[in-house]
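Some notes on the structure that comes next.
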There are 2 protein chains.
Amino acid sequence: MNKQYLKVIDHTLLKHDATDKDIENCCKEAVEFGFYSVIVQPYYTGLASKLLKGSDVLCGSVIGFPFGAETTDVKRFQAERALDNKAEELDMVICMPSFKNKNYADTENDIRQIVKFGVPVKVIIETSLLCEEEIITASKICINGGAAFVKTSTGYFGGGATAENIKLIKKTVGDKIKIKAAGGIRTIEDLITMLRCGADRIGTSGGVKIAQGLISLKEY
Amino acid sequence: MNKQYLKVIDHTLLKHDATDKDIENCCKEAVEFGFYSVIVQPYYTGLASKLLKGSDVLCGSVIGFPFGAETTDVKRFQAERALDNKAEELDMVICMPSFKNKNYADTENDIRQIVKFGVPVKVIIETSLLCEEEIITASKICINGGAAFVKTSTGYFGGGATAENIKLIKKTVGDKIKIKAAGGIRTIEDLITMLRCGADRIGTSGGVKIAQGLISLKEY
């Protein structure tokens, strides 16, 4: 029953010097190992969704990534285009400037404007830039904005997901919103730790190694 | 005549947890030290251009930053909004996916679509992700796309500007396009080295320290 662990993985390929061939490999791996989704840059969303068509692996794209410092109308336009390209989930970065200026109504509205498109939205709050109080506030804003998930990190700034932060978010949100742990998750042990602390989904570029770890565990 | 060194600086504040107050300080510094421009995230472009109005410091914004992995229509929308917010120069990231797939016509078109808006466009080729041959090819694409500058780096991926890369770009482009060195330029010595190798503009978040270095040089 190890496969349950693979079905929580968003198989993530965001390095911008990736080529069509890298995207093809990524999609093949996702189908082979039974990951939940593939997450790619906007440029590659059309290609990835085409490659995944007919499989049970979803295609996800990113919005306002990695800074979240776009204006809301730009994020809306990005979301429209991602949906044109058949993205089925969107990982957006919280509007960090409005959040840091404590304009929480604007931060919440920025999320709501993307949620309106009707696909599950994961809001990356970039925990490495936040203190505990801010993590709690940001998590509540994600709930109020109608997001499907609070997500910890882009993986591009400082630390990724930690057990402590996942626990803190879980304690804050309960069952009102799901949690995606991302950033620095490299092994099956990391993954299981995150799930035990309250994560529902795991974002990682290391899914294949994790899967191979699972397979070798089964062999012994 | 040291002030000539300060007038080549794009005073750059792109960290996304910056607040209104940080932007205000940044604009004040740029006016005080006589930098060429201030470069901020899209979210802050309206604020920065308002604060700089009436000064001789320009306001710049970023497009497709830092990945360049947006689709061209998204970059166009970003550029329109930046111009609505009175950006006077645009630093855009080359379409790295099309470039890495060797779809050079698409890469050039992506630039041309932004150049069409009529303000100077600096195209970041992210030298740390390119081999020498690719740096030469990318520089030529910038010329053909009508860009005002080839720019070395976002500062977010691997190394920034190096003397070798500036020399290579200069040798490639001659006087057909200007060169902006960015990434890791922290001292007046770095700045002068880049200018001597062929750079016309310097992007740095360390402009104030460089300026203060200049001032103390003058004192001795």
Side-chain angles (χ1 to χ4, degrees), chain A residues 13-24 40-47 61-82 84-85 93-103 106-107 110 124-126 128-131 134 154 156-158, chain B residues 13-24 40-47 61-82 84-85 93-103 106-107 110 124-126 128-131 134 154 156-158:
Chain A
L13 178 58
L14 293 168
K15 64 188 186 104
H16 49 320
D17 57 345
T19 62
D20 291 353
K21 204 167 166 47
D22 297 321
I23 302 296
E24 285 163 21
V40 294
Q41 291 280 2
Y43 183 91
Y44 282 124
T45 303
L47 175 61
S61 191
V62 292
I63 304 292
F65 193 88
F67 294 115
E70 302 291 344
T71 52
T72 301
D73 53 354
V74 167
K75 286 184 180 170
R76 280 184 58 85
F77 191 87
Q78 291 176 315
E80 277 175 29
R81 285 300 168 274
D84 287 348
N85 285 317
V93 182
I94 197 167
C95 184
M96 191 59 82
S98 65
F99 182 78
K100 284 289 183 176
N101 283 309
K102 300 188 194 299
N103 296 334
D106 287 356
T107 313
D110 185 68
I124 305 166
I125 63 173
E126 202 68 273
S128 67
L129 297 179
L130 308 182
C131 67
E134 287 175 317
T154 59
Y156 282 91
F157 306 104
Chain B
L13 179 58
L14 293 169
K15 63 190 187 105
H16 50 318
D17 57 345
T19 61
D20 291 351
K21 204 168 166 46
D22 297 321
I23 302 296
E24 286 163 19
V40 294
Q41 291 279 2
Y43 183 91
Y44 282 124
T45 303
L47 175 61
S61 192
V62 293
I63 304 292
F65 193 89
F67 294 113
E70 302 291 344
T71 52
T72 301
D73 54 353
V74 166
K75 285 183 179 169
R76 281 184 57 86
F77 191 88
Q78 291 177 314
E80 277 175 28
R81 285 299 169 273
D84 287 348
N85 284 318
V93 182
I94 196 168
C95 184
M96 191 60 81
S98 65
F99 183 78
K100 285 288 183 178
N101 283 310
K102 300 187 194 299
N103 297 333
D106 287 357
T107 313
D110 184 68
I124 305 166
I125 64 173
E126 202 68 276
S128 68
L129 296 180
L130 308 182
C131 67
E134 287 175 316
T154 59
Y156 282 91
F157 306 105

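All chains are named by letter (A, B, ...) in the order of the sequence lines, taking the proteins before the strands, and each is independently numbered beginning at 1.
- Looking at Ser98(A), both its backbone and its side chain come within 4.5 Å of chain B, counting heavy atoms on both sides.
- Between the OH atom in Tyr43(B) and the CG atom in Asp106(A) there is a gap of 5.5 Å [rounded to 0.5 Å].
- Across Asn85(B), Thr71(B), Asp20(B), the residue that shares the most heavy-atom pairs under 4.5 angstrom with chain A is Asp20(B).
- Options Pro66(A), Pro97(A), Ala82(A) differ in how many heavy-atom pairs under 4.5 Å they form with chain B, and the most are formed by Pro97(A).
- Among Lys21(A), Glu126(A), Met96(A), Lys102(A), the residue with the largest count of heavy-atom pairs under 4.5 Å with chain B is Met96(A).
- Within the 4.5 Å cutoff, the side chain of His16(A) has heavy atoms near those of the Phe157(B) side chain.
- Heavy-atom pairs under 4.5 Å with chain B were tallied for Asn101(A), Leu130(A), Val74(A); the largest tally goes to Asn101(A).
- In this structure, chain A has no heavy atom under 4.5 Å from any part of Asp22(B).
- Nearest approach of Ala18(A) to Lys100(B), heavy atoms of both residues: O-CB, 4.4 Å.
- Looking at Thr45(B), neither its backbone nor its side chain comes within 4.5 Å of chain A, counting heavy atoms on both sides.
- Only the backbone of Leu14(A) has a heavy atom closer than 4.5 Å to any heavy atom of chain B.
- Ring orientation note: the planes of Phe65(A) and Phe67(B) are close to parallel, at an angle under 30° on the 30°/60° scale.
- Contact count versus chain B (heavy atoms, under 4.5 Å) is highest, among Val93(A), Asp73(A), Leu129(A), for Asp73(A).
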